[in-house]
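Presented below is the structure to which this report refers.
The chains referred to below are lettered A, B, ... by the order of the sequence lines, with proteins before strands, and numbering in each begins at 1. What you see below is based on every heavy atom in this structure, not just the backbone, and it leaves out hydrogens, waters and symmetry mates. Since we're looking at a predicted model, the values are computed, not measured.
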Amino acid sequence: MQKSRELIRVTDLAVGYDSAVLRGVNLSLCEGGRLLLDGPSGCGKSSLLRALIGLPTPAEGQVVLFGQRLDAASAWSLRRQTGYVPQEPDLGSERVRDFLERVLSFHANRFVHPTEGELSDLMSRWLLPSGLLEKSCADLSGGEKQRVAILPAMLLRRKLLLLDEPTSALDKASREVLYDWIGRSADCSFVIVSHDAGLRELADETIDLSLSSAEAGHGR
Amino acid sequence: MDDNAITPVGLALGSLMLLIPLSILLWTRTGLVRETLLALVRMIVQLLFVGLYLGWIFQINNPLLNIFWLLVMAAVADGTILRRSGLRLRRLAADLFAALVIGVVPPLVIFIGLILSVDDPLHARFMIPVGGMVLGNCLRANVVGLRSFFQSIRQREKSYLYMLAAGASQWEALRPFLRESLREAFSPTIATIATVGLVSLPGMMTGVILAGREPMQAILYQIAIMMAIFTGTAATVLAAIKLTARKAFTADGLLRRDIFKPV
């Protein structure tokens with residue numbers, strides 16, 4: 001691969017709360033790279049994704065993010081450079097507008113003030129009607145929630161994006177928008193948990209975690 | 001000194017009124033007779049015991065002993081709150097104790113020092129009953145507040161983690177949970193404040209009237225104690241959540257599972 005900055009370097013990481021689900025994980029991601037994590041449900045894909053932003057920080061093995069070792073102290077600032085979209089996100093019950101404003105009101109995010117126009121452009125890009133801003137997050141469909149959950153990361157221009165099953169609740173048209181966004185965001189890097197064939201095509205590397213606790217590592 | 005003092009004989013005779021509820025329980029076969037008798041005996045023994053040692057404390061009336069007694073009441077409240085909120089004593093007891101003391105002292109100082117403006121504010125006659133009323137009323141609010149706070153984070157951990165991942169500081173991510181649990185803890189107290197006197201004559205007022213004071217004096221006492229209770233409730237609940245949270249999360253921001261009592 002071309003010589004570009006390494007964003008993620010995972011070495012001998014164990015993932016899982018009580019008993020480790022995954023052990024000896026090794027992987028790396030360079031700037032602009034797109035890494036797909038695949039494997040049967042319950043194999044620890046989602047836990048691995050969260051472990052990359054220190055939720056929780058590694059008890060065994062290590063994660064280096066943006067050249068900095070991830071631990072309880074560095075996790076807080078490193079999370080301010082990443083965008084994470086969970087599977088079936090829980091956005092609470094406030095209005096979509098209030099949800100977005102809340103995320104942007106965090107001290108770390110206070111420099112971002114999207115105009116109403118930027119907001120509605122972004123909404124329509126994701127095929128979300130602008131009237132949705134006034135709706136309660138609790139009333140959104142699964143697919144709408146998934147797309148709304150991506151918006152903060154885009155507004156904040158996060159360069160490293162971790163997406164957990166991002167297509168699981170999307171219809172075909174919205175999936176196309178997602179593919180298009182990933183395909184065009186050359187300055188962004190992605191780690192994506194998915195079985196989706198379209199995403200697999202976009203990825204420049206796929207790691208199969210079905211080997212469970214075995215060495216799932218490669219990716220240089 | 002008082003012609004309306006209760007004598008043991010009078011009370012014993014009066015307890016015959018319990019034949020009414022007991023026969024109702026017996027007659028309707030609720031199966032509660034044994035439990036009721038036990039509860040009554042417990043109540044009587046506990047209160048007699050309290051009467052004895054309060055009599056002793058009032059007699060000695062040493063400021064340090066009075067303060068110590070207030071701390072004992074706070075410690076008992078501490079244990080009761082944690083047990084009832086399903087939280088582990090060992091981890092959080094010290095912080096909750098500190099929160100109770102921090103939250104109860106200001107209303108106590110204002111009630112006794114400013115409103116009553118007595119010469120001897122550390123006198124057992126003021127400190128212990130007023131402190132006990134404020135603490136006792138904080139109990140329920142703290143149970144509701146702490147349980148709601150930690151349980152809702154556990155149940156909606158995804159939402160909490162999302163906010164952490166989006167760059168929130170610990171308290172930025174916790175703010176909605178804090179707001180919701182304070183609302184749940186305060187609203188019963190606010191409802192009580194709003195309806196007091198309409199539904200029932202509250203305890204302190206009744207006490208002051210029975211002691212022979214004018215009803216208007218009793219009302220002023222009641223207003224003062226309700227303000228003290230609300231102040232104590234608000235301060236202890238906020239302090240309790242803020243202080244216990246320091247031990248309830250890992251350094252990377254995750255909720256510790258071992259703060260909950262195993263079900």
Inspect the surroundings of [atom1] in [X] and state if more than 12 heavy atoms from other residues, nucleotides or ligands are less than 6.0 Å away.
{"X": "A:Arg69", "atom1": "CZ", "result": "no"}
{"X": "B:Arg84", "atom1": "CZ", "result": "no"}
{"X": "A:Arg110", "atom1": "CZ", "result": "yes"}

Could you measure the distance from the [atom1] atom of [X] to the [atom2] atom of [Y]? Nearest 0.5 Å is fine.
{"X": "A:Trp76", "Y": "B:Gln170", "atom1": "CH2", "atom2": "CD", "value": "4.5 Å"}
{"X": "A:Leu91", "Y": "B:Lys158", "atom1": "CG", "atom2": "NZ", "value": "10.0 Å"}
{"X": "B:Tyr162", "Y": "A:Phe99", "atom1": "OH", "atom2": "CZ", "value": "4.0 Å"}

Correct closest heavy-atom pair for B:Leu254 and A:Gly54 would be CD1-O, 4.3 Å
Between B:Gly167 and A:Ala108 the two heavy atoms that sit nearest each other are O-CB, 3.7 Å
Scan residues 175-192 of chain B for pairs that pass salt bridge (charged side-chain N to carboxylate O under 4.0 Å, His left out), counting only residues two or more places apart or in two chains.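 The answer is B:Glu180-B:Arg183.
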Checking heavy-atom separations under 4.5 Å from chain B, one finds in residues 117-125 of chain A none
* Toward chain B: residues of residues 129-152 of chain A with heavy atoms under 4.5 Å ->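 Within residues 129-152 of chain A, near chain B: A:Ala149, A:Pro152.
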Can you tell me which portion of B:Ser169 sits under 4.5 Å from chain A's heavy atoms? Options are side chain, backbone, both or neither.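 When you check distances to chain A, atoms from both the backbone and side chain of B:Ser169 fall under 4.5 Å.
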**Study point:** Intermediate values then yes/no, side chain to side chain contact (heavy atoms under 4.5 Å, CB included), A:Leu55 and B:Glu157
**Key:** CA-CA 11 Å; A:Leu55 295 171; B:Glu157 192 166 33; over 6 Å; no
- request: Check whether A:Glu88 gets within reach of chain B through its side chain, its backbone, both or neither, counting any heavy atom under 4.5 Å.
  value: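 Both parts, backbone and side chain.
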Examine the side chains of A:Asp90 and B:Ser159 and answer whether a donor and an acceptor come within less than 3.5 Å of each other. no
Which residues satisfy the salt bridge (charged side-chain N to carboxylate O under 4.0 Å, His left out) test with A:Glu94, sequence neighbours excluded?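 A:Glu94 satisfies salt bridge (charged side-chain N to carboxylate O under 4.0 Å, His left out) with A:Arg102 once adjacent residues are dropped.
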Review point. Can you check whether B:Leu164's main-chain N or O pairs, donor with acceptor, with A:Arg79's side chain at less than 3.5 Å?
Key: no
Does A:Thr57 offer a backbone N or O that forms a donor-acceptor pair with the side chain of B:Asp252 under 3.5 Å?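 Flag set: sc B:Asp252 to bb A:Thr57 pair under 3.5 Å.
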